[in-house]
Amino acid sequence: MNKVPDLSVRVDNDICYISVTGRANFDYGHDLRMRIKDDLELIKYFVVDMDGCVFMDSTFMGMLTMLAKHALLKHGKIELINCCDHCHDLLDGLGVADVFTFTKSAEPVSVPATAKEETPSPSENKPLDFARTVKLSHEEIIKLNPDMKPSIQPVVDGVGEEIKRMEKQ
């Protein structure tokens with residue numbers, strides 16, 4: 001089980017509270033996906049506390065994009081609280097910033113005491129699951145912003161080939 005120490009995920013009814021600090025990379029994206037996959041259909045709102053998150057890679061941004069699309073389909077939203085300018089610029093550079101609500105707050109995010117801590121689901125084949133997360137997250141960026149396809153499709157194709165190779169083993 002890969003538990004990222006700088007990622008916390010709690011669910012209370014239809015709200016998912018996510019706290020991320022440090023450098024949110026593919027480990028964070030995969031861990032986030034594994035933590036919420038069992039409760040995803042119940043979740044309508046995502047509150048993401050990004051105070052202290054200094055960087056996001058494309059896999060993590062793709063996972064946030066997937067959550068944003070999910071929330072919009074359920075007439076909910078995803079709110080990124082205290083997202084630093086650099087991370088905002090990264091999302092904007094991918095052309096996906098418009099699906100997020102950005103909020104600045106001097107107060108810490110209040111998570112209800114009733115919110116249940118989500119732990120990652122066990123993975124039988126961690127490298128294969130990681131590869132699937134990377135592929136899925138990049139596909140989500142392309143779906144939301146087709147203009148990114150020329151630069152992101154090679155990642156999707158390369159990881160797709162790796163997945164096929166791993167599935168044959």
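For clarity, every value in this text was computed on a predicted model and none was experimentally measured.
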Can you see which heavy atom on [X] is nearest to which on [Y], and at what distance?
{"X": "Lys74", "Y": "Lys44", "result": "O-CE, 2.9 Å"}
{"X": "Ala68", "Y": "Phe100", "result": "CB-CE2, 3.9 Å"}
{"X": "Gly76", "Y": "Tyr45", "result": "CA-CE2, 3.7 Å"}
{"X": "Asp51", "Y": "Thr21", "result": "O-CG2, 3.3 Å"}
{"X": "Leu7", "Y": "Leu32", "result": "CD2-N, 3.8 Å"}
{"X": "Cys84", "Y": "Cys53", "result": "SG-O, 3.5 Å"}

> If you draw the axis of the six-membered ring of Phe55, does the NZ or CZ of Arg23 fall within 45° of it and under 6.0 Å from the ring centre?
Replying inline: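 Yes, a cation-pi geometry.
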
Can you tell me how far apart [atom1] ([X]) and [atom2] ([Y]) are? Round to the nearest 0.5 Å.
{"X": "Met56", "Y": "Leu90", "atom1": "CE", "atom2": "CG", "value": "5.5 Å"}
{"X": "Met66", "Y": "Lys69", "atom1": "CE", "atom2": "NZ", "value": "9.5 Å"}
{"X": "Arg10", "Y": "Asp39", "atom1": "CZ", "atom2": "CG", "value": "13.5 Å"}
{"X": "Glu118", "Y": "Ile36", "atom1": "CD", "atom2": "CD1", "value": "9.0 Å"}
{"X": "Asp147", "Y": "Ile142", "atom1": "CG", "atom2": "CD1", "value": "11.5 Å"}
{"X": "Ser151", "Y": "His138", "atom1": "OG", "atom2": "NE2", "value": "10.0 Å"}

>> Walk me through whether Lys126 and Asp129 qualify under salt bridge (Lys or Arg N to Asp or Glu O under 4.0 Å).
In response: CA-CA 5 Å; Lys126 195 184 304 185; Asp129 284 343; over 6 Å; no

Could you tell me whether the side chain of [Y] reaches within less than 4.5 Å of the side chain of [X], counting heavy atoms only?
{"X": "Leu94", "Y": "Asn145", "answer": "no"}
{"X": "Val47", "Y": "Ile81", "answer": "yes"}
{"X": "Leu91", "Y": "Leu80", "answer": "yes"}
{"X": "Leu128", "Y": "Glu167", "answer": "yes"}
{"X": "Met50", "Y": "Asn82", "answer": "no"}
{"X": "Asp6", "Y": "Tyr28", "answer": "yes"}
{"X": "Glu162", "Y": "Val134", "answer": "no"}

> Considering the options Ile18, Asp14, Asn13, Asp12, which one meets the side-chain contact (heavy atoms from CB on, under 4.5 Å) requirement together with Cys16?
Replying inline: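 Exactly one option meets the side-chain contact (heavy atoms from CB on, under 4.5 Å) with Cys16, and it is Ile18.
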
> Val11 and Leu42: side-chain contact (heavy atoms from CB on, under 4.5 Å), yes or no, with the steps?
Replying inline: CA-CA 9 Å; Val11 176; Leu42 306 172; over 6 Å; no

>> Evaluate Glu140 against Thr65 for side chain to side chain donor-acceptor pair (under 3.5 Å), listing each step before the verdict.
In response: CA-CA 7 Å; Glu140 290 298 324; Thr65 301; over 6 Å; no

> So Glu117 and Arg35, salt bridge (Lys or Arg N to Asp or Glu O under 4.0 Å) or not? Walk me through it.
Replying inline: CA-CA 9 Å; Glu117 175 76 28; Arg35 288 180 190 223; 3.4 Å; yes

Is [Y] reachable from [X] through a run of hydrophobic residues whose side-chain heavy atoms are each under 4.5 Å from the next?
{"X": "Ile78", "Y": "Leu40", "result": "yes"}
{"X": "Leu64", "Y": "Val96", "result": "yes"}
{"X": "Ile15", "Y": "Met63", "result": "no"}
{"X": "Ile43", "Y": "Leu136", "result": "yes"}
{"X": "Val156", "Y": "Met61", "result": "yes"}

>> For Phe130 and Phe26, take the angle between the two ring planes, folded into 0 to 90°, and tell me which bin it lands in: parallel under 30, tilted 30 to 60, perpendicular over 60.
In response: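 Ring orientation, 0 to 90° scale: perpendicular.
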
Sub-3.5 Å donor-acceptor pair from the side chain of [X] to the main-chain atoms of [Y], do we have one?
{"X": "Lys168", "Y": "Ile163", "result": "no"}
{"X": "His30", "Y": "Thr59", "result": "no"}
{"X": "Asn25", "Y": "Phe60", "result": "no"}

> Counting only heavy atoms not in Lys77, do more than 12 sit closer than 6.0 Å to its NZ atom?
Replying inline: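 Counting neighbours around NZ of Lys77, 12 or fewer heavy atoms of other residues, nucleotides or ligands fall under 6.0 Å, so no.
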
>> According to salt bridge (charged side-chain N to carboxylate O under 4.0 Å, His left out), who are the partners of Lys164, at least two apart in sequence or on a separate chain?
In response: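 Once residues adjacent in sequence are excluded, the partners of Lys164 under the salt bridge (charged side-chain N to carboxylate O under 4.0 Å, His left out) criterion are Glu161.
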
